[in-house]
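Each remark here refers to the structure printed beneath this line.
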Amino acid sequence: MLTSLLDNDFYKITMQNAVIKRFPYAQARYAFINRGEHAFPEGFGDALRREVDAMANLVLSEAEKHYLEVTCPYLDPTYLDFLAGFRYNPAEVTIRQQGADLSVTIEGLWYRTILWEVPLMALISELWYRLRDVERDADETVEARTRAKIEQYQKLGLKIAEFGTRRRFSFDVHDRVVGALRHHGGEAFSGSSNVLLAMRHGVKPIGTHAHEWFMFHGARFGFKMANSLALEHWVDVYRGDLGIALTDTFTSPAFFESFDKKFAKLFDGVRHDSADPIDFAASTIAHYEKLGIDPRSKTIIFSDALTPEKVERIQAFCQDRIGMAFGIGTNFTNDVGVEPMNMVVKMVEARPEGQHWLPVIKLSDVPDKHTGDPEMIALAKRVLALSRPA
């Protein structure tokens, strides 16, 4: 089902490069979290195992390496040579199925295991529909629906990226959606998080870093220093490129305490990923103004379960106040007449060099979405002086 090493989200590649350079001895554990409590059909685990084992054969082609050299000059030759020699090790992935319950865990060196999350989720999602013989809308319907959405965004004068690898219906649907966006979107379509499809359709690969970058820093350096050191290390690696910072790993209020004038000037903007987008935009604008920075010179990337209606509401608030762009995932790649899966794969433990295994946590701006060890969550809330209920 997977045919390319680049069938992955771009932020996994950019983070892998940074991990190699800053934390080459760190280890990580990830786990599949079945938020939707989906019941998996008999044989699902075996089918997933076969697909994971087949990933050992994926190799970066010369054309793919050349594409990265030309498109992403901030990825240095040393890293690209590493990626050309990289091979997935299926032994890092443990898959168990008991009845309708599925367990998937990943363990190994962080710089290696970091690439598993997104393709594993894509495989789980596609197999979920395939093994149950779920019928979807016809190709023509899917492409027409995609065209209508991007043309609506185009009329609004917005920039839209596609972020839907993880919960896509299938690779075929994903490919068709990106093709339709490219063909009909014009300047409104800014690119795709999927590196293979960005290459195939001649658009920009989009992404910087994810929550795990900050979660690891919390385990390695403590919660008080996690945000500032995660940002500092990112700047050290990319020197001004890839300048969108993710805000909500330990809640956005805690993030903005660390996002001082230095970082606010160095980074091009921030990404919103949870809680009310209007409240977040208002807080971000106020933070820039407090620092004496014109918010209109900065950008918010909105990426939390976006629909056309939500995007219009955000635009109405942000217009002429701050720059904005939008990353839309499932609403593009799994809007095919079926119910999308509700699942994630998250880092759950980290072992920094010279340390023991430690639980990692995420304190979402939505308290119900806090994830990780309850005792560690309580500790982080005390350290960060957060008054939100768990």
Side-chain angles (χ1 to χ4, degrees), residues 1-10 12 32 34-36 38-55 57-58 64 88 93 95 97 102 104 115-150 161-185 189 191-201 203 205-206 305-307 327-345:
M1 288 168 54
L2 297 177
T3 61
S4 169
L5 196 69
L6 295 188
D7 190 2
N8 207 327
D9 277 348
F10 188 49
K12 283 295 181 175
F32 168 70
N34 184 5
R35 286 178 174 170
H38 305 288
F40 289 89
E42 183 179 353
F44 189 96
D46 292 335
L48 181 59
R49 178 79 260 172
R50 288 191 293 272
E51 295 294 337
V52 166
D53 289 346
M55 290 174 66
N57 299 318
L58 297 178
E64 290 171 336
Y88 281 107
V93 182
I95 301 169
Q97 183 174 0
L102 180 71
V104 183
L115 289 191
W116 280 110
E117 174 192 347
V118 173
L120 265 176
M121 290 181 66
L123 287 172
I124 290 169
S125 185
E126 184 162 355
L127 283 170
W128 167 250
Y129 301 110
R130 181 181 293 191
L131 296 185
R132 296 182 306 126
D133 295 321
V134 174
E135 292 188 12
R136 64 171 175 88
D137 293 335
D139 292 344
E140 295 78 9
T141 302
V142 173
E143 292 173 6
R145 188 176 293 139
T146 303
R147 177 179 180 175
K149 289 176 186 175
I150 195 61
E162 178 276 309
F163 281 8
T165 304
R166 297 182 301 163
R167 298 180 188 90
R168 66 192 183 194
F169 181 88
S170 67
F171 177 80
D172 179 64
V173 166
H174 196 176
D175 187 28
R176 290 179 182 279
V177 164
V178 175
L181 292 170
R182 177 72 176 86
H183 185 70
H184 300 291
F189 182 47
S192 172
S193 65
N194 186 285
V195 189
L196 174 64
L197 293 177
M199 175 182 172
R200 178 177 291 190
H201 294 281
V203 297
I206 304 288
L306 295 178
T307 62
I328 298 177
T330 306
N331 190 252
F332 273 147
T333 61
N334 206 340
D335 186 10
V336 295
V338 303
E339 187 70 23
M341 295 192 75
N342 183 6
M343 48 93 177
V344 293
V345 171

Would you mind reporting whether Leu196 and Phe171 have side-chain heavy atoms less than 4.5 Å apart? yes
Distance in Å, Met341 CE paired with Ile124 CD1, rounded so as to fall on 0.5 Å steps: 7.0 Å
Just by modelled atom types, is the His183 backbone N or O under 3.5 Å from a matching donor or acceptor in the Arg147 side chain? no
Donor-acceptor pair, side chain of Arg145 and main chain of Asp335, under 3.5 angstrom: yes
With side-chain contact (heavy atoms from CB on, under 4.5 Å) as the criterion, how do Arg176 and Val142 come out once you've worked through the C-alpha distance, each side chain's angles and the decisive distance to 0.1 Å? CA-CA 8 Å; Arg176 290 179 182 279; Val142 173; 5.5 Å; no
Quick one: list whatever passes ring pair (Phe, Tyr, Trp, His ring centres under 6.0 Å) with Phe169, sequence neighbours left out. Tyr129
Do you know which two heavy atoms are closest between Asp9 and Asn194, and how far apart they sit? OD1-N, 3.9 Å
For Ile95 and Gly45, work out which heavy atoms get closest and say how close. CG2-O, 3.8 Å
Heavy atoms of Gly185 and Ile150 approach each other most closely as CA-CG1, 3.5 Å
Checking Glu162 against His174 for the side-chain hydrogen bond (donor to acceptor under 3.5 Å, both in side chains) test, could you report, in this order, the C-alpha distance in whole Å, the side-chain angles of both residues, the deciding distance, and whether it holds? CA-CA 10 Å; Glu162 178 276 309; His174 196 176; 3.0 Å; yes
Would His38 and Asn342 count as having a side-chain donor-acceptor pair, cut-off 3.5 Å? no
Work out which heavy atom in Ala161 is nearest to a heavy atom in Ile206; give both atom names and the distance. CB-CG1, 4.2 Å
Calculate, to the nearest 0.5 Å, the distance between atoms CD and NZ belonging to Glu117 and Lys12 respectively. 4.0 Å
Between Gln97 and Phe44, is there a donor-acceptor pair closer than 3.5 Å when you use the side chain of the first and the backbone of the second? yes
So how far is it from Leu197 CG to Asn8 CG, rounded to the nearest 0.5 Å? 11.5 Å
For side-chain contact (heavy atoms from CB on, under 4.5 Å), just list the numbers for Thr165 and Thr333, CA-CA rounded to whole Å, side-chain angles, deciding distance to a tenth of an Å, and then say yes or no. CA-CA 7 Å; Thr165 304; Thr333 61; over 6 Å; no
Starting from the C-alpha separation in whole Å, work towards a yes-or-no answer on side-chain contact (heavy atoms from CB on, under 4.5 Å) for His201 and Asp175. CA-CA 9 Å; His201 294 281; Asp175 187 28; 2.7 Å; yes
Testing the basics here: between Gly191 and Phe189, what is the closest heavy-atom pair and its distance to 0.1 Å? O-CE1, 3.1 Å
Measure from the side-chain N and O atoms of Glu51 to the backbone N and O of Met1, and report whether any donor-acceptor pair falls under 3.5 Å. yes
One should read off an interatomic distance between Arg130 CZ and Leu123 CG, to the nearest 0.5 angstrom, of 9.5 Å
Under 3.5 Å, is there a donor-acceptor pair between the side chain of Asp7 and the main chain of Leu2? no
Do NZ/NE/NH1/NH2 and the carboxylate oxygens of Arg49 and Asp53 come within less than 4.0 Å? yes
What closest approach, in Å, do Ala198 and Ser192 show between heavy atoms, and which atom pair accounts for it? CB-O, 4.2 Å
From Leu115 CG over to Leu6 CG, what is the distance, rounded to the nearest 0.5 angstrom? 10.0 Å
Taking the side chain from Lys149 and the backbone from Asn331, do they hold a donor-acceptor pair closer than 3.5 Å? yes
Does the Asn34 side chain pair with the main chain of Leu102, one donor and one acceptor, at a distance under 3.5 Å? no
Step by step, would you call Asp46 with Arg50 a salt bridge (charged side-chain N to carboxylate O under 4.0 Å, His left out)? CA-CA 6 Å; Asp46 292 335; Arg50 288 191 293 272; 5.5 Å; no
Should Leu181 and Phe332 be marked as a side-chain contact (heavy atoms from CB on, under 4.5 Å) after you check the CA-CA gap, both sets of side-chain angles, and the distance that decides it? CA-CA 9 Å; Leu181 292 170; Phe332 273 147; 3.7 Å; yes
Are the side chain of Ser125 and the backbone of Arg168 linked by a donor-acceptor contact shorter than 3.5 Å? yes
Taking side chain as C-beta onward, heavy atoms only, is Val104 less than 4.5 Å from Val93? yes
Assign the ring pair Tyr88 / Trp116 to parallel, tilted or perpendicular, where the plane angle (0 to 90°) is split at 30° and 60°. tilted
CG of Leu131 to CD of Glu42, rounded to nearest 0.5 Å, is 11.5 Å
